[in-house]
Amino acid sequence: MTRPNLIVSILHLLGIVTLRFKPVPRIWATWLMAVNLAAVAFLGRIEGQVAFTVAGVAVLAMALIYQRNRFTRVLGICHILWVPMIAWLVWRWDRIQTDPTLATWITLMIASNVVALVIDVTDVTRFLKGERKPFYAW
């Protein structure tokens, strides 16, 4: 089987999480994408630029892993990029609080991404212990 190109892989991933997931994981994944994509509303601020860039790099990394491994638990490793971003945002908290809308978004994004990281650690651990079969397909 030939591997799909990067754009097709991204579309496959998007389709899987928004159409193939069961209802609760689908709502969670949609929320997570939305809260991270909200960075677009803050592109005039460095925090929005960093969050948008980190999300973009994570999506590209996921697409590359998807091309090789399909939809497996190892995809969660890409969210490791959130760790330094979250640390940096917490470090900048005094500057972020000057804009209540920005502070609200960053609070929601950090809280959501931390929960997702806990799920990702579990998934990647399961992958490393041998659960390598793709569990969703397009």
Side-chain angles (χ1 to χ4, degrees):
M1 178 170 124
T2 61
R3 291 186 183 146
N5 70 41
L6 203 56
I7 299 298
V8 171
S9 294
I10 291 169
L11 292 173
H12 282 190
L13 289 167
L14 181 62
I16 289 168
V17 299
T18 60
L19 300 173
R20 299 258 169 119
F21 274 13
K22 292 178 182 172
V24 172
R26 181 182 314 148
I27 291 167
W28 170 249
T30 301
W31 164 258
L32 198 58
M33 287 187 296
V35 78
N36 282 285
L37 188 58
V40 170
F42 299 97
L43 286 177
R45 298 276 311 238
I46 188 68
E47 297 87 357
Q49 294 165 14
V50 167
F52 185 78
T53 301
V54 168
V57 171
V59 167
L60 290 174
M62 290 174 112
L64 292 169
I65 291 172
Y66 175 79
Q67 287 179 336
R68 182 178 177 107
N69 292 68
R70 309 312 294 163
F71 201 96
T72 61
R73 296 186 183 283
V74 77
L75 286 170
I77 196 75
C78 298
H79 295 150
I80 194 72
L81 299 170
W82 290 342
V83 174
M85 178 187 72
I86 290 169
W88 178 75
L89 290 169
V90 169
W91 177 71
R92 292 184 53 80
W93 190 247
D94 59 330
R95 294 178 205 120
I96 290 167
Q97 284 186 314
T98 61
D99 180 342
T101 306
L102 177 69
T104 299
W105 166 61
I106 293 213
T107 300
L108 289 171
M109 184 182 61
I110 288 173
S112 300
N113 288 349
V114 166
V115 170
L117 282 167
V118 171
I119 295 166
D120 292 335
V121 167
T122 303
D123 277 346
V124 172
T125 300
R126 289 173 69 176
F127 180 86
L128 294 173
K129 288 184 174 182
E131 288 187 44
R132 296 174 183 232
K133 183 179 177 190
F135 53 100
Y136 284 101
W138 188 247

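Everything numeric in this text was worked out from a predicted model, so none of it was measured. One is the number of the first residue; the rest follow in order along the sequence.
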> Sub-3.5 Å donor-acceptor pair from the side chain of Ser112 to the main-chain atoms of Met109, do we have one?
Replying inline: no
> According to a 4.5 Å side-chain heavy-atom criterion applied to Ile, Leu, Val, Met, Phe, Trp and Tyr, with indirect links allowed, do Val83 and Met85 form part of one hydrophobic cluster?
Replying inline: yes
> Are the side chains of Glu131 and Asp123 in touch, meaning some heavy atoms are under 4.5 Å apart?
Replying inline: no
> Cluster question for you: counting only ILVMFWY and a side-chain heavy-atom cut-off of under 4.5 Å, with indirect links fine, are Ile86 and Leu81 together?
Replying inline: yes
>> If hydrophobic clusters are built from ILVMFWY residues whose side chains come within less than 4.5 Å, do Val24 and Ile16 share one?
In response: no
>> For Met33 versus Thr18, what's the shortest heavy-atom pair and its separation?
In response: CE-CG2, 3.4 Å
> For the atom pair CG (Leu60) and CD1 (Ile10), what is the distance rounded to the nearest 0.5 Å?
Replying inline: 5.0 Å
> When rounded to the nearest 0.5 angstrom, what distance separates CD1 in Ile96 from OG1 in Thr104?
Replying inline: 11.5 Å
>> How about CZ on Phe52, more than 12 heavy atoms from neighbouring residues, nucleotides or ligands closer than 6.0 Å, or not?
In response: no
> Hey, what do you get for CG (Leu128) to CZ (Arg73), rounding to the nearest 0.5 Å?
Replying inline: 12.0 Å
>> Tell me the closest heavy-atom pair linking Asn69 and Pro134, and the distance in Å.
In response: O-CG, 3.8 Å
> Any side-chain heavy atom of Val17 sitting closer than 4.5 Å to one from Thr30?
Replying inline: no
>> Same cluster or not: Phe42 versus Leu37, using hydrophobic residues (I, L, V, M, F, W, Y) connected whenever any side-chain heavy atoms lie under 4.5 Å apart?
In response: no
> Atom OG1 in Thr72, atom NZ in Lys133: separation rounded to 0.5 Å?
Replying inline: 13.0 Å
> What's the spacing between Leu102 CG and Arg45 CZ if we round to 0.5 Å?
Replying inline: 4.5 Å
>> Here's a test for you: under side-chain contact (heavy atoms from CB on, under 4.5 Å), which of Arg70, Arg68, Met62 qualifies with Tyr66?
In response: Arg70
>> Could you measure the distance from the CH2 atom of Trp82 to the CG atom of Leu89? Nearest 0.5 Å is fine.
In response: 12.5 Å
> Minimum heavy-atom separation for Asp94 to Thr98, with atom names?
Replying inline: O-CG2, 3.8 Å
> What are the two closest non-hydrogen atoms of Ala38 and Trp105, and how far apart are they?
Replying inline: CB-NE1, 3.4 Å
>> Grouping I, L, V, M, F, W and Y whenever their side-chain heavy atoms are under 4.5 Å apart, do Val54 and Val114 come out in a common cluster?
In response: yes
>> Run Asn113 and Leu32 through side chain to side chain contact (heavy atoms under 4.5 Å, CB included) and show every step you take.
In response: CA-CA 7 Å; Asn113 288 349; Leu32 198 58; 3.4 Å; yes
> So, for Val124 and Val74, which heavy atoms are closest and what is the spacing to 0.1 Å?
Replying inline: CG2-O, 4.2 Å
>> If I compare all heavy atoms of Ala39 with all of Ala51, which pair ends up nearest, and what's the gap?
In response: CB-CB, 3.9 Å
> Taking side chain as C-beta onward, heavy atoms only, is Phe127 less than 4.5 Å from Ile77?
Replying inline: no
